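Below: one structure, written as structure tokens.
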Amino acid sequence: MKFLLGLTLFCISQLTFGQPSQAMKPIDPAILKSFAPNGTLRVGINLGNPVLASEDSATKNLSGVTIDIANEIGQRINLPVQLIPYKSAGATVDGIKNGDLDLVFVAIDPVRGADVSYTPAYIQIEGAYMVKSSSALKRNEEVDVAGTEIVVGKGSAYDLFLTREIKHATLLRAANSQSVVDDFMLGKGNVASGVKQQLESDAKRYEGLRMLPGRFMVINQAMGVAKARPDFEKTTLYLSEVITQLKQSGFIANSLQRHHIQGAKVAD
């Protein structure tokens, strides 16, 4: 009876969390020294994107898909994990560039790629626009015109993307992604931009807002390590193998479901 109960619990854990940590070969000691030289895996957690992570206001406990992945990697490399929260993706990237972090979860972007080496994407997120109900704008294609002012979180993936792509409208940068809708409702700009899910959530705090249909971009979220580290290529290859396995095993899909995340899908 005990054997059957143990077998049942094991099967449930596989369905819920994907393949066990031991399913992959151990990390090479030389790679580990480059990856986490202090003996603790210091992971930057971007709280500016609620699809990736959230913080309990009372306990300050962190939860989300990036926390699940970080802890899984810690188990695989047999090191303690230190989760370090940041308010924005830009600040998180600064942390890894400055050597304060060993691993980050951020959007793949060519500008950041000068300093950060990326794994393949693990999830894809939609970027969207929101306007006031009285706005004449109906479609995403109508936004990039002279006179339109788009509020965007400073240093976010959306900021980097829109900086490259917008030709006629003006970008107004909020302190971070969480501040976009509040700034917008205080009279800043006439279009708010950001993570579709966050905009929809923030809009519930106000009246007279609507989303423009569809999306203006798809954001590929990945893990990143500093290119300044001596064996960053080998570290990236190891982490790429991990993320591929976590996608294939159902680990990431189950994590998204467990945290009730909508507006994101497991990357191809």
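Each residue takes its place number in the sequence, starting with 1. Since the structure is predicted, the reported quantities are computational estimates derived from the model, not experimental observations.
- In this structure a side-chain-to-backbone donor-acceptor pair under 3.5 Å is missing from Ser54 to Pro50.
- Other residues, nucleotides and ligands contribute at most 12 non-hydrogen atoms within 6.0 Å of the CD atom of Glu207.
- At least one side-chain heavy atom of Tyr122 sits less than 4.5 Å from a side-chain heavy atom of Ile69.
- Gly214 and Ala128 get closest at one heavy-atom pair: O-CB, 4.2 Å.
- Under 3.5 Å, the side chains of Thr163 and Arg173 contain a donor-acceptor pair of N or O atoms.
- Summarising the geometry of Ala267 relative to Ala121, their closest heavy-atom pair is CB-O, 3.5 Å, with the distance given to 0.1 Å.
- Summarising the geometry of Leu101 relative to Ile84, their closest heavy-atom pair is CD2-CD1, 3.6 Å, with the distance given to 0.1 Å.
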One pair to check against side chain to side chain contact (heavy atoms under 4.5 Å, CB included): Gln198 and Gln178. What are the steps and the verdict? CA-CA 8 Å; Gln198 176 148 16; Gln178 301 99 310; 3.7 Å; yes
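- Closest heavy-atom contact between Val81 and Gly74: CG2-CA, 3.6 Å.
- Residues Thr148 and Asp144 bring no donor and acceptor atom of their side chains to less than 3.5 Å of each other.
- Distance alone, capped at 3.5 Å, is enough to place a donor-acceptor pair between the Asp56 side chain and the Ala58 backbone.
- Contact of the Val181 side chain with the Met130 side chain is registered, since non-hydrogen atoms from C-beta on lie closer than 4.5 Å.
- Ile45 is listed as a side-chain neighbour of Ile67, based on a closest heavy-atom distance under 4.5 Å.
- Taken to the nearest 0.5 Å, the OG atom of Ser179 stands 9.5 Å off from the CG atom of Asp202.
- Side chains of Leu209 and Met185 form a contact here, defined as non-hydrogen atoms less than 4.5 Å apart.
- Between the side chain of Ser193 and the main chain of Tyr129, no donor-acceptor pair closer than 3.5 Å is present.
- Atom NZ of Lys154 sits in a sparse spot, with 12 or fewer heavy atoms from other residues, nucleotides or ligands closer than 6.0 Å.
- Formation of a donor-acceptor pair under 3.5 Å by the Asn140 side chain with backbone atoms of Arg215 is found in this model.
- With hydrogens and angles left out, the side-chain atoms of Asp68 and Ser255 include a donor and acceptor closer than 3.5 Å.
- The backbone N or O of Lys234 lies less than 3.5 Å from no partner atom in the side chain of Asp231, so there is not a single donor-acceptor pair.
- Across Ser177 and Ser156, no two heavy atoms sit closer than the pair OG-CB, 3.9 Å.
- The main-chain N or O of Gln197 is never found under 3.5 Å from a side-chain atom of Ser201 such that the two would form a donor-acceptor pair.
- Of the listed residues (Val151, Val191, Ile150), just one forms a side chain to side chain contact (heavy atoms under 4.5 Å, CB included) with Leu171, and that residue is Ile150.
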Checking salt bridge (Lys or Arg N to Asp or Glu O under 4.0 Å) for the pair Lys247/Asp268: CA distance, chi angles, key distance, verdict? CA-CA 9 Å; Lys247 288 192 292 185; Asp268 297 330; over 6 Å; no
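- A salt bridge links Asp109 to Arg164: one of the charged nitrogens lies within less than 4.0 Å of a carboxylate oxygen.
- Of all non-hydrogen atoms in Asp183 and Ala174, the two that sit nearest each other are OD2-CB, 3.3 Å.
- Note on Ile73 and Val266: same hydrophobic cluster, where clusters join Ile, Leu, Val, Met, Phe, Trp and Tyr whose side-chain heavy atoms are under 4.5 Å apart, directly or indirectly.
- Distance CZ/Phe105 to OG1/Thr119: 8.5 Å, rounded to 0.5 Å.
- Formation of a donor-acceptor pair under 3.5 Å by the Gln257 side chain with backbone atoms of Ala253 is not found in this model.
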Residue pair Asn254, Leu256: steps toward the side chain to side chain contact (heavy atoms under 4.5 Å, CB included) verdict: CA-CA 5 Å; Asn254 287 324; Leu256 292 172; over 6 Å; no
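- Remark: the Asn176 side chain and the Tyr86 side chain contain no N/O donor-acceptor pair separated by less than 3.5 Å.
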Check step by step if side chain to side chain contact (heavy atoms under 4.5 Å, CB included) holds for Leu239 and Leu103. CA-CA 10 Å; Leu239 292 174; Leu103 178 68; 3.8 Å; yes
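- Between the side chain of Ser117 and the backbone N or O of Gly113 there is no donor-acceptor pair closer than 3.5 Å.
- No chain of hydrophobic side-chain contacts below 4.5 Å, direct or via other Ile, Leu, Val, Met, Phe, Trp or Tyr residues, connects Ile31 to Val104.
- No side-chain donor-acceptor contact under 3.5 Å links Asn61 to the backbone of Glu55.
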Before giving the answer on salt bridge (Lys or Arg N to Asp or Glu O under 4.0 Å), spell out for Asp182 and Lys188 the whole-Å C-alpha distance, their side-chain angles and the decisive distance to 0.1 Å. CA-CA 9 Å; Asp182 290 333; Lys188 190 173 186 176; over 6 Å; no
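- Annotation: Asn78, atom CG; neighbour count of heavy atoms from other residues, nucleotides and ligands within 6.0 Å does not exceed 12.
- Using a 4.5 Å heavy-atom threshold, the side chains of Thr40 and Leu79 count as separate.
- Annotation: side chain of Ile252 is in contact with side chain of Ile243 (closest heavy-atom distance under 4.5 Å).
- The side-chain heavy atoms of Leu237 and Thr235, taken from C-beta on, include no pair separated by under 4.5 Å.
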Salt bridge (Lys or Arg N to Asp or Glu O under 4.0 Å) for Arg112 and Asp94? Distances and angles first, verdict last. CA-CA 10 Å; Arg112 294 173 181 163; Asp94 287 341; over 6 Å; no
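- In terms of modelled atom types and a separation under 3.5 Å, the side chain of Arg42 and the main chain of Gly99 share a donor-acceptor contact.
- With no hydrogens or angles considered, no side-chain donor-acceptor pair links Asn190 and Glu149 at under 3.5 Å.
- For the atom pair CD (Glu72) and OG (Ser249), the distance works out to 8.0 Å, reported to the nearest 0.5 Å.
- Residues Leu41 and Leu246 share a single hydrophobic cluster, defined by chaining ILVMFWY side chains whose heavy atoms lie under 4.5 Å apart.
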List the steps and the verdict of side chain to side chain contact (heavy atoms under 4.5 Å, CB included) for Met211 and Glu200. CA-CA 8 Å; Met211 303 291 297; Glu200 291 173 336; 4.1 Å; yes
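- Rounded to the nearest 0.5 Å, atoms CD1 (Ile219) and NZ (Lys196) are 12.0 Å apart.
- Looking at Val106 and Asn49, their side chains never come closer than 4.5 Å, going by heavy atoms from C-beta outward.
- Here Arg139 contributes atom CZ and Leu212 contributes atom CG; the two are 10.0 Å apart, rounded to the nearest 0.5 Å.
- Rounding to the nearest 0.5 Å places CZ of Phe216 at 10.5 Å from CD of Glu126.
- There is a path of hydrophobic side-chain contacts, each under 4.5 Å, that joins Met223 to Val65.
- No continuous path of hydrophobic side-chain contacts links Ile96 to Phe232 [ILVMFWY only; heavy atoms under 4.5 Å].
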